[in-house]
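A short write-up of the structure that comes next.
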Amino acid sequence: MIRHLIEQRLHAAVAAVLPDADLTSVLVRSCEPKFGDYQTNALMSLAKQRKLNPRQLATDVMAKLDVTGLCEPPEIAGAAFINFRLKAEALAGLLQGAARGEHLFFRKAATPRTIVIDFSSPNVAKPMHVGHIRSTILGDALARAFRLLGHRVVTDNHIGDWGTQFGMLLIGWKRELDAPALAADPIGEMERLYKKLSAECKADPAKLEAARAELVKLQRGDAENLAIWREMQRLSQVQFDTIYARLGVKFDVALGESFYNPRLQATVDDLVAKGLARESEGAKAIFSDDSLPPKDDPFKTQRDGEWHANPALVQKNDGGFNYATTDLATLAYRMETWSPDEIIYVTDGRQQLHFRQIFAAFRRWRADAKVRLEHVWFGSILGEDGKPFKTRSGDTVKLADLLDEAEERALKVVTDKNPNLPEGERREIARIVGLGAVKYADLLPNRQTDYVFSWDKLLALQGNTAPYLQYASTRIQSIFRKATEAGVSLDPSAAIRLGAPEELALAKHLLNFGFVLEMVAEECRPNYLCNYLYELAGHFTRFYEACPVLKAAEPERSTRLRLCELAGRVLRQGLDVLGIGTPEQM
RNA sequence: GCGCCCGUAGCUCAACUGGAUAGAGCUCCUGACUUCGAAUCAGGCGGUUACAGGUUCAAAUCCUGUCGGGCGCACCA
């Protein structure tokens with residue numbers, strides 16, 4: 001907020017000196033405290049483009065620069081930095097505005113966008129496992145961030161409820177279903193059937209053919225197969241609902257792959273009619289239109305020094321459809337239904353080529369669509385040995401087990417630290433802390449790095465972790481409990497006078513909340529928010545160690561109570577964006 | 001073979017349009033609880049940002065090449 005104000009004043013000054021300058025690259029950023037609170041380095045590149053003396057340009061801009069009311073007189077430093085130091089009254093004024101409930105250091109987007117977010121996408125008849133947590137948690141955090149900033153968000157769970165695996169599952173269900181096992185553990189039994197039949201089909205072509213036949217029957221609407229398929233869906237949905245309820249993740253819609261099944265033939269027909277797709281080796285595929293240089297063309301690949309076609313298949317030679325078809329039909333449906341400004345796909349990085357092809361194909365298919373398509377990808381999940389987790393035949397860690405263990409471990413710590421709390425409360429705290437630890441560990445690293453799965457790391461409760469942030473929050477709550485006991489209350493009109501360096505550092509950090517939220521939304525990287533909140537908790541804790549609150553005399557006490565209250569609100573709001581709760585005590 | 005991504009402290013990771021002396025956590029060492037919650041704080045150890053060139057006032061960041069690793073590349077999703 002204040003950053004935007006300084007930026008506006010800077011833009012006015014730069015425009016006065018260089019009327020034709022591109023102001024979009026004239027930015028203000030925060031900087032090291034020894035230089036000030038904010039700085040701009042834009043004048044150096046501007047001077048370079050125009051072959052001006054940078055220091056002279058800075059001097060000229062300074063002459064036109066009016067930051068009265070916001071900052072102390074700015075300084076030129078280094079090659080041609082301009083350093084800004086906030087005026088104490090401006091800082092106090094912002095805190096007072098927040099105290100009156102006018103803002104919480106961020107502002108809503110000036111032009112709200114409609115954003116569809118496609119994430120999680122588990123498969124029917126399979127257990128949700130660690131492979132689903134990144135997409136689910138990342139997608140949910142992004143949805144929350146966009147919503148907080150005032151955008152219209154549609155979260156859509158594109159469930160894997162259609163496809164070749166059902167041929168095998170149907171055979172298994174008909175021939176080898178263990179009904180008591182299904183009743184006791186539906187997902188486990190369906191998984192057993194899938195694994196068994198998958199292995200058998202690999203070894204026996206006749207069985208594979210039988211599976212295909214069952215699939216074709218299903219796709220043609222065979223009543224028995226449809227009924228079984230619906231039962232598998234229903235049983236899976238129970239599992240999804242349970243997991244999402246535990247995670248606190250909600251979807252606006254859950255239109256699985258099967259929803260688009262009736263549209264696939266028309267999609268392919270239209271692609272063929274428009275000349276995007278054509279027959280090739282018995283299949284139908286989308287080829288390059290040669291509009292891009294081969295290097296950037298997702299429909300080309302190089303072999304032995306020559307460029308070859310790398311088409312996207314939309315119909316198999318047996319007439320079946322595949323995921324490119326479904327994704328294009330889905331894209332068309334989403335455009336018709338929500339007219340979004342942006343569609344975000346949260347999947348792992350192995351699908352990069354696929355989405356490049358889908359996006360490129362869609363651009364040609366619907367040339368007038370103004371939608372921004374974004375593949376927000378993340379790294380693979382690795383075992384502790386650094387090798388990828390097996391998804392088909394090897395053992396995977398089930399998400400439900402992971403959450404159970406997180407809560408158990410958290411309960412041990414809570415019981416250790418706070419044995420006097422009733423068990424029910426300890427369990428509720430352990431639920432919030434354990435779940436928060438899992439989510440935070442997942443959101444903290446840059447999403448594009450590979451994810452090394454480790455119980456100890458996921459559930460560590462020390463250092464840069466959710467429990468550290470939650471602990472800071474409970475200390476703040478504790479102050480207010482004590483304040484209430486002592487009959488001290490927060491006066492919204494009390495003056496704010498910041499003096500101690502710890503008070504100033506904390507107060508100034510609060511101002512950056514909005515900028516960080518905007519960065520998270522712009523780059524779809526919640527780890528920026530994790531780091532911001534970790535720093536916030538650090539600033540608060542240092543303030544807490546150095547500055548007594550309740551024992552201080554006025555006016556310090558009011559100022560410090562206010563700082564506690566605002567820090568607590570930003571901390572809780574930030575954690576809420578990450579989908580992480582904050583207990584009163586822990 | 002081609003493409004995408006990655007290589008930063010012993011380990012796991014940060015580093016905001018290229019910005020000023022590359023920062024945290026874990027580990028190890030030293031201190032701080034009769035004072036608002038020590039799941040904490042203060043301090044210390046630890047770096048040729050894989051390597052070699054280039055671009056410029058300025059490079060972990062951009063360009064070229066080399067080495068090393070992960071992933072993808074026609075009917076699975």
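Quick note on labels: first sequence line is chain A, next is B, and so on, each numbered from 1. Note: hydrogens, waters and symmetry copies are ignored here, and every other heavy atom, side chains too, is used.
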Within the distance-only criterion (no hydrogens, no angle test), does the side chain of [X] pair as donor or acceptor with the backbone N or O of [Y] below 3.5 angstrom?
X	Y	answer
A/Gln357	A/His354	no
A/His158	A/Leu255	yes
A/Arg475	A/Thr541	no

Between [N] and [X], is there an OP1 or OP2 to side-chain N/O distance shorter than 4.0 Å?
X	N	result
A/Arg350	B/C4	no
A/Lys34	B/U21	no
A/Tyr532	B/A15	no
A/Arg29	B/U17	yes
A/Thr301	B/C73	no
A/Arg542	B/A42	yes
A/Lys551	B/C36	no

Pair assignment for [N], Watson-Crick or G-U wobble, requiring both distances under 3.5 Å:
N	value
B/C67	B/G7
B/C2	B/G72
B/U40	B/A32
B/U49	none

Given the ring of A/Phe515, does A/Arg3 sit roughly above its face, with NZ or CZ under 6.0 Å from the centre of the six-membered ring and within 45° of the axis? yes
With nearest nucleotide decided by heavy atoms, which residue, A/Asn464 or A/Arg525, maps closer to the 5′ end of RNA chain B? A/Arg525
Non-hydrogen atoms of A/Tyr440 and A/Cys530 that approach each other most closely: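 For A/Tyr440 and A/Cys530, the tightest heavy-atom pair comes out as OH-O, 3.1 Å.
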What contact category does [X] fall into here, base, sugar-phosphate, or nothing, at under 4.0 angstrom with non-hydrogen atoms?
X	value
A/Ser121	nothing
A/Asn83	base
A/Asn41	base

Please write out each protein N/O paired with an N/O of nucleotides 8-14 of chain B under 3.5 Å, distance rounded to 0.1 Å.
residue: B/A14; atom: OP1; partner: A/Asn446; partner atom: N; Å: 2.4
residue: B/A14; atom: O2'; partner: A/Asn531; partner atom: ND2; Å: 3.3

With sequence neighbours excluded, what pairs up with A/Tyr345 under the ring-ring contact (aromatic ring centres under 6.0 Å, His included) test?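 Checked A/Tyr345 against ring-ring contact (aromatic ring centres under 6.0 Å, His included); matches are A/Phe355, A/Phe359.
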Is a side-chain donor-acceptor pair under 3.5 Å present for [Y] with [X]?
X	Y	value
A/Glu554	A/Ser558	yes
A/Asp348	A/Trp377	no
A/Arg426	A/Asn418	no
A/Tyr528	A/Glu523	yes

What I want to check is whether an N or O donor and acceptor connect the side chain of [X] with the base of [N] at under 3.5 Å.
X	N	result
A/Tyr323	B/A77	yes
A/Gln39	B/A20	yes
A/Glu281	B/A74	yes
A/Thr164	B/A77	no

Please say which of A/Leu563, A/Thr559, A/Leu561 ends up in a side-chain contact (heavy atoms from CB on, under 4.5 Å) with A/Val549. A/Leu561
Grab the N/O contacts between the protein and nucleotides 54-58 of chain B below 3.5 Å, and write none if there aren't any.
residue: B/U56; atom: O3'; partner: A/Lys48; partner atom: NZ; Å: 3.2
residue: B/C57; atom: OP1; partner: A/Lys48; partner atom: NZ; Å: 3.4

Nearest of B/A77, B/U40, B/A24 to any side-chain atom of A/Tyr534?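 Nearest to the side chain of A/Tyr534 among the choices is B/A24.
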Can you tell me which nucleotide in B/A39, B/C16, B/A77 comes closest to the side chain of A/Glu257? B/A77
Stacking of A/Tyr471 on B/G37 base (centres under 5.5 Å, planes under 30°): no
Would A/Tyr468 count as stacking on B/A39 if stacking means ring centres less than 5.5 angstrom apart and planes tilted under 30 degrees? no
Integer angstrom distance from the C1' of B/U12 to that of B/U17: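 Result for the C1' pair: 29 Å, nearest Å.
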Taking atom C1' in both B/A58 and B/A50, compute the distance separating them and give it to the nearest angstrom. 23 Å
For B/C4, is chi within 90° of 0 (syn) or not (anti)? anti
